[in-house]
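For reference, the structure is listed below as structure tokens.
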Amino acid sequence: MTETTQDEYARALGKEVAIGSVDKELRQLWEEDKASTNASLVNLAVYSEAEGAILRNSEIVQAITREHACRAILIGIDRDAPEASIRAWITAHCHLSQQGSKSVCCEQLAFQLTGKATGRLRNTVFAHLNSDLPLVFWWQGELSPIFSERLYSLIDRFVFDSSEWSQPLESFQKINQVMEESDELYPLDLEWTRSYPMRLALAGLFDDPLAAQALEHFNQIRIVVHPDHAMAGLQILAWLVDSTGWQRSQELGLCGETSPESSQGYCFHFETNEGSNVTATVECDASSAQIGLVELSGADCTVRVLRNAGSSYQHQQLEAGDHQIDQLMPAASTDACELVADQLSRGGKNTLYRTMMPLFLDLLACQGG
Amino acid sequence: MKNPFRKDLVSRSRPEACTVVIFGATGDLTHRKLVPALYNLQVEGALPAGVKIIGFARRDKSDEEFRSGLEELNKKVSRSGHDDKVWADFEQNIHYHQSEFQDQEGYDRLAERLDEIDRERGGKGNRLFYIASAPSFFDDVLEHLKKAGLSESEDSCWSRVIVEKPFGTDLPTAQHLNQVVNRTFNEKDTYRIDHYLGKETAQNIMVLRFANAIFEPLWNNNYIDHVQITCAENLGMEGGRGGYYDKAGALRDMVQNHLLQLLSLVAMEPPTDLSADGVRDEKVKVLRSMRQWDTPELVAENVVRGQYIAGHVDGEKVVGYREEDRVDPESMTESYVALKIMIDTWRWSEVPFYVRMGKQLPKKATEISIHFKEPPTVLFNALAGGVPGGNVLVIRIQPDEGISLRMVSKIPGANLRLEPVKMDFHYATSFGKGSPEAYERLLLDSMAGDATLFARRDEVEEAWKFIDHIENAWHESKNPPEMAEFVAGSWGPKEADELLAKSGHKWRRL
């Protein structure tokens, strides 16, 4: 580590402390500042194996703690480094409370590890969790061998972003296996969170009786996503089909051909509960917003939610003969920090994610993972 | 038809597309609360697509004038901020309907307009009528809605009415209003709103009690000594509210509805389920079990009424109640009331519930405090200073929503000395995000057909029955209890302190 980097670490991460005295130093930190309130609802661990990520994550955590009181634990690991080492820093992120009357602070502990680290991560880093509060573990980047039973058995909520994965099928199979083994761990995929406003807007349109009546008569589903967010496209499709109870087409088979609409898209076939065929395409378009379009059509009715690239709004549209709805609503931010904050504020058991997972895995496998 | 995409997407009841008609659309409530609440719901994607809003009022206005007035205020008060583009889209669904409240023709025109909207929407005629007009028009609005055929709905659709407070001014007027409402709407379609019940902390009372095994076993007369419910306001009769207030008074304005609702949540038995009637059945049992102070003597013994005289609040000199704008200089209306309420059930036998409400008190605060019995002091009774007061669980409703628990602890050092310490939980610092406005939750619930947080007919009438005895003793008996005075900016009259002192209690210092 260069001298400049040392300074950067100190600026971003606060006071460097000996591993054995983290608790003592934290106590001193609070004793020195009588004007602040220490608040915490969860332990939020942020894990990355990317170089320098720990510094960026400190900024992200600072933003998250504006709305979510937590004990933040940043973990940076360089697993390829030959020597095993561990360093620790402590600081606090403080914000004025809503009333502006006092400063509310959240502690941040940062650990930088090198070398083989699984045991030290579990035994040393997790020794500094705030007791009795759940552990939300945000894993950044590809899943590595460190994600093992001995690690995830300690975690309550596992946050990850599947759009970051280069081998999604393999990683999702691992996640699925974990979900099957344990009801205790709730996976929170940021790619799934990203599609939430789209799903909510679409569900809102089906409160309309004409859309609801048309549901069994749709024959086309079209989903357009940015190529970096193909996972979101498949997840939305799996959710749509799973929610309706439609089946994979016996005649045509689930796996179809490359979408005629886009050389980067894929086509799937389903049957409605009344036996009609539904063709579903998931298209990847570089000019699209992350999730640009979800559209169901057929039988004189089109239900659509769309967002243009760069726009901070999404449209809810319904066309059924003379009856038309076109409503604008703010599209949620897709910034990782806000997505995590959104996950933290939602709570619950993420049951929909578990429900759509089997079909999603099949779609992913069809598409070639 | 069920919407499969709502399943598990949000954990709350599913609202349906509908038309919301607001009577009294030019009023403050519509501008400050109702429309901003609907706008926030739209921003959060919680409002079903295709919701239309029709403002019904007497003044002559165009749609554009109405919308622009709403927009102006939404910019100031919206919790989620004001987005011009979203508003521009949202306001397309807002329309104005001019009519006198007594003019049947105006309601007939409204019916035609609603039919037109329903046809556009594909025949689904869900309607939510929100009566936010002055109470004197409640009867008119309800009767004319019925005559226009608007209170009935076809199969698979619904027609609901939300009635704002005050729901009557005494038992006979409430009963009359209930009769009118029930002549026009089914009880299941009637939503008597009490916005206190939409507040997060009020909703949290049931969670606190029934989801925490450490509290429920202690929630009875074996362990609880008494309960205090305080609603303190540091305002007087500003903004011309003296005219209304001098006719109502603290007891009818706040205690009959908000505070008795809170009391019933604290005192109710666990409901068999969380359905609207499951919860309301238990709340009404509490109201029925309140011992009636039905003679002037009992009222004098258990209720204190007061008025403030000139004093200082927040460092500002303020006038006395009788000197306030639009208040009768010889007014016998209470701006402060303190009551001792006894609930004659197995659980609460001999546990007093003290309720107080006052204007021009030192600060604004609404809270419920549960005072636990003190443990036998055998071990510590020889200590210098003795044992400080026992455990107190405080549920703060506003403005600083949260919960705190006071317990006794040893002061560090060689000597054994005991002092109270407090564990504190603040919604604002723990959850960060501001809580949704109560009206957001309540509007969405009424669209979704969930009446849990709305008062039922029997609840309202039971509460009035209790209140009427006190009002009668004050205003109709030959020997009315005294009107106590207190200096504005203090915590109320000494008589209120004496009310508690008779049972060895004292008001919690806020």
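Lettering of chains follows the sequences in order, A, B, ..., and the numbering in each one begins at 1. Computed over heavy atoms, backbone and side chain alike; hydrogens, waters and symmetry mates excluded.
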Need one label for Ile325(A): side chain, backbone, both or neither, based on atoms under 4.5 Å from any heavy atom in chain B.
side chain
Heavy-atom cut-off 4.5 Å, strictly under: side chain, backbone, both or neither for Asp242(A) against chain B?
neither
So, using side chain to side chain donor-acceptor pair (under 3.5 Å) as the criterion, who are the partners of Gln62(A) when residues are at least two apart?
none
Could you tell me how the ring of Tyr439(B) sits relative to the ring of His195(B): parallel (under 30°), tilted (30 to 60°) or perpendicular (over 60°)?
parallel
Residue Gln92(B) versus chain A: region with a heavy atom under 4.5 Å
neither
Where the side chain of Asn74(B) meets the backbone of His82(B), is there a donor-acceptor pair that is under 3.5 Å apart?
no
Taking the ring of Phe360(A) and the ring of Trp239(A), is the distance between their centroids below 6.0 Å?
no
Trp138(A) vs Gln343(A), test: side-chain hydrogen bond (donor to acceptor under 3.5 Å, both in side chains). Steps then yes/no.
CA-CA 11 Å; Trp138(A) 178 8; Gln343(A) 290 281 24; over 6 Å; no
Distance-only polar pair, side chains of Gln327(A) and Asp89(B), donor-acceptor under 3.5 Å
no
At a 4.5 Å cut-off on heavy atoms, which part of Leu344(A) comes close to chain B: side chain, backbone, both, or neither?
neither
Give the interface residues of residues 310-322 of chain A toward chain B, defined by a heavy-atom separation under 4.5 Å.
Tyr313(A), Gln316(A)
Does any heavy atom of chain A fall under 4.5 Å from the side chain of Asn126(B), the backbone, both, or neither of them?
neither
Does the pair Asp207(A) and Asn3(B) meet the rule for a side-chain hydrogen bond (donor to acceptor under 3.5 Å, both in side chains), with working shown?
CA-CA 6 Å; Asp207(A) 288 330; Asn3(B) 177 351; 3.0 Å; yes
State whether Trp192(A) and Arg199(A) meet the cation-pi test: NZ (Lys) or CZ (Arg) under 6.0 Å from the six-membered ring centroid, and within 45° of the perpendicular axis.
yes
